[in-house]
Amino acid sequence: MATSKVPGEPTQTGTAVLETATSAIQGFGPINKIHQHLCAFHFYGYDMTRQVESHHFCAHQNEEMRQCLIYDSPEPHARLIGLEYIVSENLFLTLPDNEKPLWHSHEYEVKSGVLFMPGVPGPIQRQDLDKVAKTYGKTIHFWQVDKGDAFPLGLPQIMMALTRDGQLHDNLAKDVEKRFNVSFDAERENRAYMKGPEHGIHHLANGGGKGIKTVLRETDCKPVESVPRVFV
């Protein structure tokens, strides 16, 4: 999938030189922790027909949580379109019930083969994906690239993941399989032994079976005078 060109003047030589200088001086600790590239598909929480190829670049916070930057492609000029937090079943179960619907399960994504690590041999990626199958994710997209928006317009939206056969657009699946030289059906067979969450997929996850949409609502703005002041 070709990434659309973002409007604006081309990067100037001076800017490139400055970036080279700052990159030699500054540290990029959070970015340098990224250790993994996952490709998957998301759909808008209120519209399953709007499906987006999503490339996750992830780093572990610890054994039970990882955080991912999401781009529309793995190319150098890819657009940053969202982010995802991935947590273990144990951490998910500690969340308030009104929070759980914002999170989606990963069991189907993994076991169906549609979530994969580009370029990584199957036996190696399966070692980690066996863990991912038991997790839950919370995904927010800021840039509606499927609409052709040149900028990240509108409100951030909660995204959901595939949970059963027949949901993923066939043309989208075939395009990704061809470009990354993968077979979802073959991986499905190789991952048949994997299991999802120990307690089964929670009934409140995946939107609780309902659509979720972020909407804008006007409200009163607390004036500065009403904020308590602390003097030291």
Side-chain angles (χ1 to χ4, degrees), residues 1 3-4 34 36-59 61 65-74 78-89 91-92 95-96 98-118 129 132-173 175-176 184 196-197 201-216:
M1 178 184 67
T3 300
S4 302
I34 289 176
Q36 187 178 70
H37 172 199
L38 300 172
C39 180
F41 304 92
H42 293 149
F43 64 84
Y44 287 80
Y46 60 93
D47 188 350
M48 192 177 291
T49 67
R50 294 180 60 191
Q51 301 180 359
V52 182
E53 177 183 335
S54 301
H55 291 267
H56 304 56
F57 293 86
C58 306
Q61 284 290 91
M65 181 180 183
R66 63 187 83 181
Q67 52 191 17
C68 311
L69 299 176
I70 301 175
Y71 293 82
D72 64 335
S73 88
R79 292 170 291 185
L80 177 63
I81 62 175
L83 53 85
E84 177 167 0
Y85 301 102
I86 299 175
V87 299
S88 67
E89 179 184 20
L91 293 184
F92 173 80
L95 299 174
N98 63 354
E99 170 70 18
K100 289 184 176 76
L102 305 179
W103 296 70
H104 59 263
S105 59
H106 289 129
E107 180 179 358
Y108 175 81
E109 278 192 296
V110 173
K111 295 190 66 174
S112 66
V114 301
L115 190 158
F116 65 100
M117 300 180 188
L129 293 181
V132 176
K134 301 171 177 59
T135 64
Y136 291 87
K138 182 178 184 179
T139 301
I140 301 170
H141 280 202
F142 306 99
W143 200 329
Q144 301 187 44
V145 292
D146 65 302
K147 292 173 58 178
D149 289 350
F151 297 100
L153 306 177
L155 300 178
Q157 293 294 333
I158 291 291
M159 307 295 283
M160 290 294 166
L162 306 168
T163 56
R164 61 180 182 273
D165 290 343
Q167 293 178 331
L168 179 61
H169 293 326
D170 189 55
N171 62 325
L172 185 58
D175 178 50
V176 169
F184 296 155
I201 297 174
H202 197 282
H203 69 282
L204 291 177
N206 302 307
K210 301 178 181 179
I212 294 180
K213 184 177 184 178
T214 306
V215 295
L216 187 66

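Please read all numbers here as calculations on a predicted model, not as lab measurements.
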Give every donor-acceptor pair under 3.5 Å between a side-chain atom in residues 146-159 and any protein atom, sequence neighbours left out.
| from | atom 1 | to | atom 2 | distance (Å) |
| --- | --- | --- | --- | --- |
| Asp146 | OD1 | Tyr44 | OH | 3.0 |
| Asp146 | OD1 | Arg50 | NH2 | 3.1 |
| Asp146 | OD2 | Arg50 | NE | 2.7 |
| Asp146 | OD2 | Arg50 | NH2 | 3.2 |
| Gln157 | OE1 | Thr214 | N | 2.9 |
| Gln157 | NE2 | Thr214 | O | 3.2 |

Do [X] and [Y] have side chains that approach each other closer than 4.5 Å (heavy atoms only, starting at C-beta)?
X	Y	value
Leu172	Leu168	yes
Cys58	Leu38	yes
Cys68	Leu83	no

So, taking the atom named [atom1] in [X] and the one named [atom2] in [Y], what distance separates them when rounded to the nearest 0.5 Å?
X	Y	atom1	atom2	value
Thr139	Ile86	OG1	CD1	7.5 Å
Gln144	His141	CD	NE2	10.5 Å
His42	Met160	NE2	CE	10.5 Å
Gln67	Phe57	CD	CZ	15.0 Å
Leu204	Lys100	CG	NZ	6.5 Å
Lys134	Glu89	NZ	CD	9.5 Å

Check whether [X] reaches the backbone of [Y] with its side chain - one donor and one acceptor, N or O, closer than 3.5 Å.
X	Y	answer
Asp72	Ala78	no
Ser54	Val52	yes
Gln167	Arg164	yes

Between [X] and [Y], what is the shortest heavy-atom contact and its length?
X	Y	answer
His106	Val132	CB-O, 3.3 Å
Leu80	Ile70	CD1-O, 3.5 Å
Ala133	Pro197	O-CD, 3.8 Å
Cys39	Val176	SG-CG1, 4.4 Å
Phe41	Val114	CE1-O, 3.8 Å

So that I know where these two stand, are His56 and His37 an aromatic pair - ring centroids less than 6.0 Å apart? no
Pairwise side chain to side chain donor-acceptor pair (under 3.5 Å) hits with a residue in residues 201-213, at least two apart: Ser105-Asn206
Apply side chain to side chain contact (heavy atoms under 4.5 Å, CB included) to Phe142 and Ile81, showing your working. CA-CA 5 Å; Phe142 306 99; Ile81 62 175; over 6 Å; no
Working for side chain to side chain contact (heavy atoms under 4.5 Å, CB included), residues Ile201 and Thr163: CA-CA 10 Å; Ile201 297 174; Thr163 56; over 6 Å; no
Residue pair Tyr71, His55: steps toward the ring pair (Phe, Tyr, Trp, His ring centres under 6.0 Å) verdict: CA-CA 5 Å; Tyr71 293 82; His55 291 267; 9.2 Å; no
Polar side chain donor-acceptor pair, Glu84 to His104, under 3.5 angstrom: yes
Looking at residues at least two apart in the chain, or sitting in another chain, which of them share a salt bridge (Lys or Arg N to Asp or Glu O under 4.0 Å) with Lys111? none
Mind checking whether Phe184 and Phe116 have parallel, tilted or perpendicular rings, split at 30° and 60°? tilted
Decide if atom OH of Tyr85 counts as having more than 12 heavy atoms of other residues, nucleotides or ligands within a radius under 6.0 Å. no
Please evaluate residues Tyr108 and Asp165 with respect to the criterion side chain to side chain contact (heavy atoms under 4.5 Å, CB included), reporting the C-alpha separation (whole Å), side-chain torsions for both, the decisive distance (0.1 Å), and the verdict. CA-CA 9 Å; Tyr108 175 81; Asp165 290 343; 2.5 Å; yes
